[in-house]
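Note that ligands are numbered from 1 as they come in the structure, with each ligand's atoms numbered from 1 the same way. Computed over heavy atoms, backbone and side chain alike; hydrogens, waters and symmetry mates excluded.
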Amino acid sequence: MAPSELRTLPFDPTDASFIADPYPVLSALREDTPLVYDERLERWFVTRHADVRACLRDKRLGRNFRHVGTDAEFHAEPLDPRWSEFWASERWSLLWLEPPEHTRIRKLVAAAFTPRAVESMREPATRLAHSLLEDLGETFDLLYDYAQPYSITLICELLGVPTDRHRDLLAWSHAIVKMYEFDTTDEQAAAANEAAREFRAYVQGLIEERRAEPRDDMVSGLVAARVDGERLSDDQIVSTVVVLLNAGHEATVNTVGNGFRALAAHPDEWQRLVSGDVPAAAAVEELIRWDAPLQLFERWVLEDGVEVAGVPVPRGEKLALLFGSANRDPRVFTDPDRLDVARPNAADHIGFGGGIHVCIGAPLARIELAASFEALAELSPTLHLVDEPERVPAFVIRGFEAVRVAR
Ligand code: HEM
């Protein structure tokens, strides 16, 4: 239980006006307190950069608790059996696992994300960004027409997944990520469950194809892999491929949307990219810092004796780490609300997480986003918004429904 003197959260994470611009509210909260317990959401919210970073690195905290305790001990609702397809797709996801299972599967995935493999994506990324932009007209949707086909194609290429179902992959992923928000309705959960069913069946089909005819790609690699002499089960491979495909485009696409919206509101900063004064790779770090595509990740307290910001937080409690707040912490970033594409320490943002779950795709995301913004600045230097984009009504996965632009 939480000490009664702690106040409740001064915002509703599902409120549209908060989602439109959460930063003034987050700033006020962060300067007021490093930690706040919310009775309604039954979570402790962590607001400052140093504490968020420390939590990410703390091995006594986990993304999951089911390897060390029961639902009752952790005051958690049992997994709703109506959404069994969704839970099955998560069961072996890197984001659901803790050591030792996490360590074993992460090692296999890391073997495919070698610096060489990721670096080899730089040229195809640039080529793809150019060819997509060259084929587009005067006005287009930066997300649907550019960022989505771009990111999906690159992650599919890296994994060896065909791109002919790329609109299905996007639809499945968009439905599934609704399960990570605070206010998921039964209708959304049912849609996520159906998407997980279709997605799993699709990946199972791919596994069977690669088992029959192996290729030089990651799906074949996972099919052939042995960990401690044992093969991965099909369920393990399915979860691994699903998490890589979903994580491989959701946040990168939203970084393009959030990032261009930020640059459009700061034309001088956009000009620094267009003129080549500031490399796109540097700007990408600032864009992730300034308007993070992932605003919050959670951790369970797995052991007794944990303190956060000097406050004891008992085993069984849940922490919500506010990335967007940490990324605007003036203790780390001077004048944090200012967008400065050449900010020297922008890469100290929390955007890619930290500790054992640190984003395995971060090197790929950095290459991909740099090539994307470089191509935009070079081929469409007069790019501007046609109208004010509309936010997706979600706090955790922060993005726009569409970003209509003209050049
Ligand atoms: C701007 C783009 C991206 C951002 C901001 C981002 C952010 C993150 C964050 C914060 C985490 C850690 C979550 C936690 O600690 O609870 C994470 C994990 C992960 N990311 Fe990314 N990501 C991005 C792009 C990618 C890409 C392109 C891939 C593709 C391979 C990817 C694959 C993953 C995977 C598989 C994990 C789980 C790692 C684990 O649990 O061990 N991400 N990402």
Side chain, backbone, both or neither: which applies to Pro293 and ligand 1 if a contact is any heavy-atom pair less than 4.0 Å apart? side chain
Counting heavy atoms only, which part of Ile155 comes closer than 4.0 Å to ligand 1: side chain, backbone, both or neither? side chain
So does [Y] get a backbone contact from the side chain of [X], meaning a donor-acceptor N/O pair under 3.5 Å?
| X | Y | result |
| --- | --- | --- |
| Glu85 | Ala196 | no |
| Ser275 | Arg272 | yes |
| Thr153 | Pro149 | yes |

Using heavy-atom distances, let me know which of [options] sits nearest [atom].
| atom | options | answer |
| --- | --- | --- |
| atom 10 (C) of ligand 1 | Gly62, Gly355, Gly351 | Gly351 |
| atom 26 (C) of ligand 1 | Gly354, Ala247, Ala365, Ala251 | Ala247 |
| atom 15 (O) of ligand 1 | Arg63, Arg299, Glu298, Glu98 | Arg299 |
| atom 6 (C) of ligand 1 | Phe352, Phe113, Phe323, Trp96 | Phe352 |

Students should be able to answer this: which protein heavy-atom is nearest to [atom], and at what distance?
| atom | result |
| --- | --- |
| atom 35 (C) of ligand 1 | Ile360 CG2, 3.5 Å |
| atom 22 (N) of ligand 1 | Cys359 SG, 3.0 Å |
| atom 29 (C) of ligand 1 | Gly248 CA, 3.5 Å |

May I ask you to decide if the ring planes of [X] and [Y] are parallel, tilted or perpendicular, using 30° and 60° as cut-offs?
| X | Y | result |
| --- | --- | --- |
| Trp96 | Trp87 | tilted |
| Phe395 | Phe18 | tilted |
| Phe199 | Tyr202 | tilted |

Any N or O of [X] closer than 3.5 Å to N or O of ligand 1:
| X | result |
| --- | --- |
| Arg106 | yes |
| Thr255 | no |
| Leu364 | no |
| His102 | yes |
| His357 | yes |

Just jot down the ligand 1 atoms closer than 4.0 angstrom to any heavy atom of [X], in number order.
| X | value |
| --- | --- |
| Leu94 | 39 (C), 40 (O), 41 (O) |
| Leu244 | 30 (C), 35 (C) |
| Thr252 | 2 (C) |
| Leu294 | 6 (C), 7 (C), 8 (C) |
| Gly353 | 10 (C) |

Looking only at side-chain N and O atoms, does Asp15 offer a donor or acceptor that is under 3.5 Å from a partner on Ser17? yes
Examine the side chains of Tyr146 and Asp141 and answer whether a donor and an acceptor come within less than 3.5 Å of each other. no
I want to check a possible cation-pi pair here: Arg398 against Phe323, using under 6.0 Å from ring centre and within 45° of the ring axis as the test. no
Stacked cation flag Arg328 on Trp290, 6.0 angstrom / 45 deg: yes
Indicate yes or no: at least one non-hydrogen side-chain atom of Leu158 is less than 4.5 angstrom from one of Asp217. no
Take every heavy atom of Ile356, measure it against each atom of ligand 1, and state whether any distance is under 4.0 Å. yes
Tell me whether ligand 1 is touched by Leu369 - counting only heavy atoms on the residue side and a distance under 4.0 Å. yes
Going by an N to O cut-off under 4.0 Å, is there a salt bridge joining Glu298 and Lys318? yes
Charged N-O contact under 4.0 Å between Arg289 and Asp348: no
